[in-house]
Amino acid sequence: MAFGKGHHLHLIDGSAFIFRAYHALPPLTRKSDGLPIGAVSGFCNMLQRYVEGNAGGDVTHLAVIFDKGSHTFRNDMYDLYKANREAMPEDLRPQIPLTRRATEAFNIACKELAGFEADDIIATLSCQAREAGGQVTIISSDKDLMQLVGDGVEMFDAMKNKRIDRDGVFEKFGVFPDRVVDVQALAGDSVDNVPGAPGIGIKTAALLINEFGSLEDLLDRAEEIKQPKRRQTLVEHRAQIEMSKKLVQLDCGMELDFGLDDLEVKDPDPEVLLGFLTEMEFRSLTKRISDALNVEAPAIPEPEVQAGAGAAPEAPPISADKYECVSDMAALEGWIARAYARGWVAVDTETTGLNEMIADLVGVSLCVEAGEACYIPLTHRGGAAQKDGTEDLFSEKADDSLAAGQIALDAALAALKPMLEDPSILKIGQNMKYDAKIFARYGIEIAPIDDTMLMSYAMHAGEHGHGMDTLAEQYLGHRPIPIKELIGSGKSQITFDRVPIETAVTYAAEDADVTLRLWQLFKPQLHRAKVTRVYETMERPLVPVLAKMEMAGIKVDRQTLSRMSSAFAQKMAGLEAEIHELAGEKFNVGSPAQLGEILFDKMSLEGGKKGKNGKYSTGADVLEDLATEYDLPRRVLDWRQLSKLKSTYTDALQEHINKDTGRVHTSYSIAGANTGRLASTDPNLQNIPVRSEEGRRIREAFVAEPGKVLVSLDYSQIELRILAHVADIEALKQAFRDGQDIHAMTASEMFNVPMEEMTSDVRRQAKAINFGVIYGISGFGLARNLRIPRAEAQGFIDRYFERFPGIKAYMDDTVEFAKKHDRVETLFGRVIHTPEINAKGPRSGFAKRAAINAPIQGTAADIIRRAMVRMPDAIAGLPATMLLQVHDELLFEVDEGSVDPLIAIAKEVMEGAADPVVHLDVPLIVEAGQGHSWAEAH
DNA sequence: AATATCACG
DNA sequence: GACGTACGTGATATTT
């Protein structure tokens, strides 16, 4: 049947795929001969992911379109077209033909035409398909293709997984697709070297086109433009603009030597596809595609094994074949014996929930060798329904009895305990803190441990997440069974103990299997990545320390919170009434959208700025400005503060008080923040209010047990001290040595004000600059922070860099290092990857500032991690417990009589935490506070 | 599920 | 008249 209505053509922009693949991946080479294949590998992965993503979809026709040669008809028109394009990297060139072969191997049509760009072929095919009444999706995010969108033609940004339709084009260009070329002709394009009109960008171009209707009308009526400079530009550059339009206008009427019908989707021939992949020596992709095609993966010969590498045999594919359900003691003893024989074992627990303080153990899985794993079900329930084979939903729900075929919980744990606690057996896990806490509640102190999540974090922070699914997919080419397939999601979600044992075995054993494989892969890599010390001294030993802190929890007084909640509710009701009165109508004060309309439409106050969603911004800074003149915004600010305190703290914290312990137990994620900081969740105890007087009172609810005291120790100005050290600023270092007020000193240096005459306002400004430097300062940001004109802020920054040239040098050096290596490092060797640093557009700005900040924030994070690792031993003799960490603060609970010794010891540990690895040129100073509540202690 | 807002260092 | 801008987090409520 000829292409027409009901058919859907997908066109992949091949060059975009190649470049994306090339830049996204490290320079891989084929093992056997060193042929560069990184881009081909990425290209194949992207194709495979695309095919998977569209399986069962409505795609009927498909082609990958490539550019051919560099000289096109546009060069004949304008010899500078794409002239400033960088030469193709040497190691990419030989990969281009291979991507064509890859496309053919996938049995996807592969098209190109000399003298034309891929964009023109895509344009022609799109037009043909549209005219035939079919649908088109162009897989690309190239803005040059956006002119084609509309009437059944859409684009799809595979990177962002986002469809781009007419509205999407409007968002980008400010005009609909039919006027995109007009805007491009005016704005030009520095990437393609399309000149356009000097000084006019997309924003202005869209404004003009929308005003005059079209480029032709605009040029004809250019004299009507009000702004003199703009008018002159358009008149003077008319010819150049008209040529620019020809350059960006895609050719819809090319003669092609093939038709739409030649692009029909075809299944790949497994032999051809796998043949190509094996030839390229793509191991994980070969495996993954073999699985997808349901054929056996062809073997890829291992070239030569490095001497001493252990000659590990290729791991078998991940499958449930050898997963065993352990249902009697003899079998369990067998697995424990295997762990002893090996010296290591991957362990994973299955439980009834995510909160380790509440969840109950349901089963344990073990793996001692890739592919060979077991699951030991312990407390699965609802066995009765399975026995007679009937599905009675009601009785299943009611059936709390243990399912058959399980070892008694206490017997199994008694058998496992010696092995799990044996110092000679390494227990390997993914996010071991979780399992350690579960086991701890059953009286088992699992040790020693290795953690694949933390290994990934040490090597790959900033590159991707470190959850098992991410790692399995990235490094094993395998998608583990999603937990949702077993327990469902949302309201109908069940707990793991309700999952039938047979299903649980394949899921749980797979997790242990995957964990062991990741460990075997990562373990030798730590050294090569030079992060062994980071992992061994700052990640791995932190697991038991955090586990104990989280289990200790902190006492929170429900009564105090409850009283505050009521008080807040009352005040809020009063404010709400006043707000409605002032607004002249009732509305939801908590809705920024409604508030925006009231303020800026109904009351038509100044300063209403709409964001990209057409909504007014009503953030605190906006309201703060309005509050100087009007009452309503002030009331809303007050209401918001109370609303925040009530919902996030005084209400929510009560829900987190554990029934058994009467305390609140947070959970720290070790591998969450890229910089090495911890993050606290469920609840977050690292953002308990302190800055406002009213908020600080919430800390009165965090108390010590009777007879005990809370002690807070925090590093003073740790990040600025680190900055002074790494940037090597003698004046700052000396000021810290002398114990001076660093902000006042900065102000004095910058503004030539003697210290004795320092005003609080000048000091405040200097303080903002000091912090700004740590964040990768910009004139704009500082101006907004200090609410001063931008030029003035820029002046401050210039003067700061003039006075402290080392800081500027440090910032430049750091960015340069990041650009060269795609990563930065802390003083202790923690690696933070900065994959966006060489991106262009606004994202590079973000990446630059992040790169400047990361070594400073990260070094501070390293220091407190080191202190925490040493702390338990240091305070072992004292009746004291470490409870919380808040980035630069540690909170302890200690018997009244031992406050002073605790402060002395903990302070010494914290102040000396950098030693002996790093010797800082500045002293680290820790300040201590104590009291019955956190409010007093801090 | 995304966005806006606001709490902390 | 190009563009968008402090760094790092998590929780909540509203809106889609």
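Bear in mind that the values here come from a model prediction, so they are computed numbers and not experimental data. Chain A is the first sequence line, chain B the second, and so forth, proteins listed ahead of strands; every chain is numbered from 1.
- Checking A/H887 against A/Q857 by side-chain atom types alone, no donor-acceptor pair falls below 3.5 Å.
- Using a 4.0 Å heavy-atom criterion, one finds that A/F771 contacts no nucleic acid atom at all.
- As a whole-Å value, the separation of A/M811 CE from C/dC7 C1' is 11 Å.
- Under 4.0 Å is where a charged nitrogen must lie from a carboxylate oxygen, and between A/K571 and A/E694 at least one such pair does.
- Taking a pair as Watson-Crick or G-U with both hydrogen-bonding distances under 3.5 Å, the stems of three or more pairs touching DNA chain C are B:1-9 with C:7-15.
- Using a 4.0 Å cut-off between a side-chain N of Lys or Arg and a carboxylate O of Asp or Glu, A/R787 and A/E792 do not qualify as a salt bridge.
- Computed from coordinates, the A/I722 CD1 to C/dC7 P distance equals 19 Å when rounded to whole Å.
- A/R696 comes within 4.0 angstrom of no nucleic acid atom, judged by non-hydrogen atoms across all strands.
- Side chain of A/R230, nearest nucleotide from C/dG1, C/dT9, B/dA7: C/dG1.
- Applying the 4.0 Å criterion to OP1 and OP2 of B/dA7, one finds that A/S692 has every side-chain N and O outside that range.
- Distance noted for atom P between C/dT5 and B/dA4: 12 Å (whole Å).
- Residue contacts for A/I774: at a heavy-atom cut-off of 4.0 Å it reaches no nucleic acid atom on any strand shown.
- In this structure, A/N785 reaches the bases: a heavy-atom distance under 4.0 Å links it to at least one base atom across the strands shown.
- The aromatic rings of A/H460 and A/H833 sit parallel to each other, their planes meeting at less than 30°, with 60° as the upper class boundary.
- Residue A/Q641 is classed as a sugar-phosphate contact, given heavy-atom separations below 4.0 Å to backbone atoms only.
- Distance CZ (A/R699) to C1' (B/dA7): 10 Å, rounded to an integer number of Å.
- Among the nucleotides B/dG9, B/dC6, C/dT5, the one closest to the side chain of A/R640 is B/dC6.
- Of the candidate nucleotides C/dC7, B/dC6, B/dC8, B/dC6 has the atom nearest to the side chain of A/A620.
- Counting atom types as modelled, A/R849 pairs no side-chain N or O with a base atom of C/dG8 as donor and acceptor under 3.5 Å.
- Rounded to an integer number of Å, the gap from CG of A/L186 to C1' of C/dA2 is 14 Å.
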Donor-acceptor contacts, no H, no angles, side chain residues 204-212 of chain A, under 3.5 Å, sequence neighbours left out:
{"residue": "A/N210", "atom": "ND2", "partner": "A/G174", "partner atom": "O", "Å": "3.0"}
{"residue": "A/N210", "atom": "ND2", "partner": "A/A206", "partner atom": "O", "Å": "3.1"}

Next on the checklist: I'd like to compare against my own output: the B/S/- annotation of nucleotides 10-16 of chain C with a strict under-4.0 Å heavy-atom distance to protein.
Outcome noted: BBSSSSS

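- For the P atoms, the distance from C/dG4 to B/dC8 is 30 Å, rounded to whole Å.
- Closest to the A/K203 side chain, of the nucleotides B/dC8, C/dG8, C/dG4, is C/dG4.
- What separates CD of A/Q857 from P of C/dT9 is a distance of 7 Å, to the nearest Å.
- What separates CG of A/N853 from P of C/dC7 is a distance of 8 Å, to the nearest Å.
- Judged purely by distance below 3.5 Å, without hydrogens or angles, the side chains of A/H656 and A/D682 never pair a donor atom with an acceptor atom.
- Counting any heavy atom pair closer than 4.0 Å across all strands shown, A/G199 reaches sugar-phosphate atoms only and no base atom.
- Ring planes of A/Y616 and A/F600: tilted class, angle from 30 to 60°.
- No side-chain heavy atom of A/L890 sits under 4.5 Å from any side-chain heavy atom of A/L884.
- A side-chain donor-acceptor contact under 3.5 Å links A/D651 and A/S565.
- Contact annotation for A/V690: backbone-only contact, meaning every heavy-atom pair under 4.0 Å involves sugar-phosphate atoms and none involves a base.
- Side-chain polar atoms of A/S692 and A/Q641 form a donor-acceptor pair below 3.5 angstrom.
- In this structure, A/R691 atom CZ and B/dC6 atom C1' are separated by 10 Å, rounded to whole Å.
- Rounded to whole angstrom, the span from the CH2 atom of A/W639 across to the P atom of B/dT5 amounts to 13 Å.
- A/I688 comes within 4.0 angstrom of the backbone, heavy atoms only, and of no base.
- A/A768 comes within 4.0 angstrom of a base, heavy atoms only.
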Item to check | Candidate pair A/F804 and A/Y800, rule ring-ring contact (aromatic ring centres under 6.0 Å, His included), full reasoning | outcome: CA-CA 6 Å; A/F804 304 113; A/Y800 186 94; 5.0 Å; yes

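- Between B/dA2 and C/dA6, the distance separating the two P atoms is 22 Å to the nearest Å.
- Distance from the side chain of A/K229 is smallest to C/dG1 among B/dG9, C/dG1, C/dT5.
- Checking A/Q227 against A/L678, the closest nucleotide of DNA chain C that is more toward the 5' end is the one next to A/Q227.
- Donor-acceptor pairing under 3.5 Å is lacking for the side chains of A/N770 and A/Q717.
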